[in-house]
Chemist: 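Before I ask anything, here is the structure I am working with.
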Amino acid sequence: MSKKRKWDDDYVRYWFTCTTEVDGTQRPQCVLCNSVFSNADLRPSKLSDHFNRQHGGVAGHDLNSLKHMPTPSDQSETLKAFGVASHEDTLLQASYQFAYLCAKEKNPHTVAEKLVKPCALEIAQIVLGPDAQKKLQQVPLSDDVIHSRIDEMSQDILQQVLEDIKASPLKVGIQLAETTDMDDCGQLMAFVRYIKEREIIEEFLFCEPLQLSMKGIDVFNLFRDFFLKHKIALDVCGSVCTDGASSMLGENSEFVAYVKKEIPHIIITHCLLNPHALVIKTLPTKLRDALFTVVRVINFIKGRAPNHRLFQAFFEEIGIEYSVLLFHTEMRWLSRGQILTHIFEMYEEINQFLHHKSSNLVDGFENKEFKIHLAYLADLFKHLNELSASMQRTGMNTVSAREKLSAFVRKFPFWQKRIEKRNFTNFPFLEEIIVSDNEGIFIAAEITLHLQQLSNFFHGYFSVGDLNEASKWILDPFLFNIDFVDDSYLMKNNLAELRASGQILMEFETMKLEDFWCAQFTVFPNLAKTALEILMPFATTYLCELGFSSLLHFKTKSRSCFNLSDDIRVAISKKVPRFSDIIEQKLQLQKSL
């Protein structure tokens, strides 16, 4: 082991201070540019070289004389009085701005010192000359600096969100989902929805690892500890939407039980983006067998590298558009619909490939009954994909999502009547291959039975967001029949007064529903509060799914041990760091050293 160097107070003459690691290792840090060097650089020759080359300094001051010299922070205050940014301010600002862009683009921290800065120096030397290159060289962009900048910006963004949560006039909505990263580490992600200045805001809250297990108690403890750590009461949460994982879902699940014990009146909603799983539960035996046959075919092709390469070469040879199949996944909404569509459209070519490989899957795959079942499944899951896609947006509330689901389920009776008459217009893939009445008769009976079971399951499963007649004034207070409201209802007078305002009617016609009710807080606070309590809960975990997509960029083989909570907050948060406040605090800290 190499000898560790020790700090000497005499080194302050080169404008360096000392930072100490957890293991006691001392490292020099430049007060002027905030660059941190290794312990091996803790010697006068290295420190003097940096001071003279990067800052044009004149060495030779002792500690006492240095105290009487005007520090960069003193000079900075003088320049600020005249409205001019000091040299140190601009260096820090450039460093923070680059770190912010680095996090937003989900790049490694080392990209600055290994690629960007060398390229920038070369460009400055060629285009602007050596003076500009010298100034650019002073911008601190080392790996450690970028990491610390991102941490500071993350804490500033989190502080802004926490301040907004505390100031929200209503209880906030929480969206929770968990996943497993490439290291098989459980990650719990949360977003928050709250009211700020006449609008509903959706913001990233946290992404934390589940250290040991992903049981309901572990999820609850992590969720509760986050609020306790930041000194916010847990009952600030008015609703929680979960992703449907076994540790979260259901009235009797462990997580929900713990949450309701702490917050008895909290609203628990389930993500409405995954109706595919419900469809699978209602599939008759033959349709389920057809789906599993598709899964086995895909695994046969994709699960073996030689088969996959031959499959791609085969499709390139015959000039077919699709040459890559998607893996079947359990929890991603669109996978089944895309898989089934691709399999159906490539049916003949895949059948040829299975024959070429002498697969034992050929008999089941080329069966006529299987192809009919495959066509129906492809059509049905395509409809489900379109339903899910219509709810994949920010701002989706339970009322709007429930209306979309209700509209989807109301199509079932029309589909059933058409199918009974051998009219397969709503199922184009199925209509394409039905060539005889016998084929139509046997599949029509199965589809009719399945759609009836599916309709019953939908009505019983997705009930959150239903409004009774007396509460539908929330959706349209002007066209709503006020006679449905009981005369004893305390806010009936307020509702009548609101309906009489032409200005408020204009606002309703030009604003989103949520923004409209936020705007009424000052005039009709009781009506606005009642409406927003219904509109506030999340209907889906769409934001968490987007966050998990960002997680794939951060958690790679080369960054597998990387603590990503700060980076992912800066990357996906809508909040912008308060750069001026962060830089001012940094300069104040340097001044106190």
Side-chain angles (χ1 to χ4, degrees), residues 19 21-22 29 34-36 92-114 116 140-165 174-183 185-192 201-211 222-223 225-232 543-544 546-586 589:
T19 61
E21 304 291 337
V22 178
Q29 181 175 14
N34 208 37
S35 297
V36 180
L92 280 173
Q93 186 175 356
S95 179
Y96 276 104
Q97 288 287 355
F98 180 85
Y100 182 64
L101 293 174
C102 181
K104 278 292 184 184
E105 295 300 320
K106 309 174 185 66
N107 286 320
H109 299 167
T110 55
V111 72
E113 61 179 344
K114 290 186 176 180
V116 176
L141 294 177
S142 68
D143 181 13
D144 291 337
V145 168
I146 297 298
H147 180 74
S148 66
R149 299 281 191 263
I150 291 175
D151 288 353
E152 292 165 11
M153 290 186 290
S154 171
Q155 292 307 308
D156 180 75
I157 290 172
L158 176 60
Q159 189 60 37
Q160 292 183 58
V161 174
L162 295 176
E163 290 170 1
D164 290 347
I165 290 175
I174 300 293
Q175 178 183 135
L176 271 180
E178 49 84 21
T179 191
T180 303
D181 61 30
M182 61 165 293
D183 288 335
C185 175
Q187 298 284 346
L188 183 69
M189 188 174 291
F191 281 77
V192 62
I201 305 294
E202 295 177 347
E203 258 300 339
F204 175 81
L205 192 60
F206 66 79
C207 179
E208 297 291 343
L210 291 160
Q211 300 292 350
L222 197 157
F223 174 69
D225 291 347
F226 174 84
F227 287 92
L228 293 178
K229 177 182 177 182
H230 297 288
K231 299 179 181 179
I232 297 178
L543 295 176
C544 288
L546 289 180
F548 293 147
S549 297
S550 297
L551 183 66
L552 297 176
H553 292 277
F554 287 111
K555 212 67 184 270
T556 62
K557 290 183 179 179
S558 59
R559 306 169 80 187
S560 58
C561 298
F562 175 59
N563 186 357
L564 53 83
S565 58
D566 290 318
D567 281 70
I568 201 167
R569 175 176 288 110
V570 177
I572 67 179
S573 174
K574 298 175 185 176
K575 295 283 188 184
V576 178
R578 296 170 290 196
F579 291 106
S580 58
D581 293 346
I582 298 173
I583 292 173
E584 185 175 351
Q585 292 176 10
K586 175 70 70 175
L589 178 62

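We use all heavy atoms of the structure for the numbers below, so side chains are in, but hydrogens, waters and symmetry mates are not.
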Chemist: Are Leu205 and Phe223 packed together at the side-chain level, in the sense that at least one heavy-atom pair is separated by less than 4.5 angstrom?
Modeler: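 Heavy-atom side-chain distance check fails, nothing below 4.5 Å.
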Chemist: Between Arg149 and Leu92, is a side-chain contact (heavy atoms from CB on, under 4.5 Å) present by the stated rule, with each step listed?
Modeler: CA-CA 10 Å; Arg149 299 281 191 263; Leu92 280 173; 3.4 Å; yes
Chemist: Under a 3.5 Å distance rule, please check whether Glu208 uses its side chain to pair with a backbone N or O of Leu222 as donor and acceptor.
Modeler: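 Here the side-chain-to-backbone pair does not exist.
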Chemist: Would you indicate whether Lys104, at its atom NZ, is surrounded by more than 12 heavy atoms from other residues, nucleotides or ligands within a distance under 6.0 Å?
Modeler: yes
Chemist: Could you grab the distance from atom CD1 of Ile146 to atom OG of Ser95, nearest 0.5 Å is fine?
Modeler: 5.0 Å
Chemist: How many angstroms lie between OG in Ser142 and NE2 in His109, if you round to the nearest 0.5 Å?
Modeler: 11.5 Å
Chemist: Looking at Arg578, is its backbone amide N or carbonyl O close enough to the side chain of Asp156 to form a donor-acceptor pair, meaning the two atoms are under 3.5 Å apart?
Modeler: yes
Chemist: Does the ring of Phe204 carry Arg569 above it, NZ/CZ under 6.0 angstrom from centre and within 45° of its axis?
Modeler: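 Judged by the rule, Arg569 and Phe204 form no cation-pi pair.
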Chemist: Pairing donors with acceptors under 3.5 angstrom, does anything connect the side chains of Gln160 and Asp164?
Modeler: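 Asp164 and Gln160 do not have a side-chain donor-acceptor pair below 3.5 Å.
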Chemist: Between CZ of Phe206 and NZ of Lys229, what distance do you get to the nearest 0.5 Å?
Modeler: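 Between Phe206 CZ and Lys229 NZ, I get 11.0 Å after rounding to 0.5 Å.
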Chemist: To the nearest 0.5 Å, what is the distance between CD1 on Ile232 and CG on Leu162?
Modeler: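 If I round to the nearest 0.5 Å, the distance is 4.5 Å.
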Chemist: Once side-chain hydrogen bond (donor to acceptor under 3.5 Å, both in side chains) is applied, do any residues pair with Asp144, and if so which ones, sequence neighbours excluded?
Modeler: Arg27
Chemist: How long is the span from the CD atom in Gln159 to the OG atom in Ser154, to the nearest 0.5 Å?
Modeler: 11.5 Å
Chemist: Which heavy atom of Asp566 sits nearest to which heavy atom of Gln155, and what is that distance?
Modeler: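 Heavy atoms only, the tightest pair is OD1-NE2, 3.5 Å.
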Chemist: If I compare all heavy atoms of Leu543 with all of Phe191, which pair ends up nearest, and what's the gap?
Modeler: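 Closest approach of Leu543 to Phe191, heavy atoms only: O-CE1, 3.4 Å.
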Chemist: Which is it for Met189 and Thr179 under the side-chain contact (heavy atoms from CB on, under 4.5 Å) test, yes or no, and what are the steps along the way?
Modeler: CA-CA 8 Å; Met189 188 174 291; Thr179 191; over 6 Å; no
Chemist: Does Cys544 offer a backbone N or O that forms a donor-acceptor pair with the side chain of Gln175 under 3.5 Å?
Modeler: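 Pair found, side chain donor or acceptor close to backbone of Cys544.
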Chemist: Hey, what do you get for CD (Glu203) to CD1 (Ile165), rounding to the nearest 0.5 Å?
Modeler: 9.5 Å
Chemist: Shortest non-hydrogen contact from Ser565 to Cys207?
Modeler: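 Reported closest heavy-atom pair: CB-O, 3.5 Å.
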Chemist: Kindly give the heavy-atom pair with the smallest separation between Met153 and Tyr100, and that separation in Å.
Modeler: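 Scanning both residues completely, I find the closest heavy atoms to be CE-N, 3.5 Å.
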Chemist: Which atoms form the tightest heavy-atom contact between Ala190 and Leu176, and what is the distance?
Modeler: CB-CD2, 3.6 Å
Chemist: Please step through side-chain contact (heavy atoms from CB on, under 4.5 Å) for the pair Ile572 and Leu546, ending with a clear verdict.
Modeler: CA-CA 9 Å; Ile572 67 179; Leu546 289 180; over 6 Å; no
Chemist: Please tell me whether Asp143 and His147 have a donor and an acceptor in their side chains that are separated by less than 3.5 angstrom.
Modeler: no
Chemist: Taking all atoms of both residues into account, what is the closest heavy-atom pair of Ala112 and Phe98, and its distance?
Modeler: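 Scanning both residues completely, I find the closest heavy atoms to be CB-CE2, 3.2 Å.
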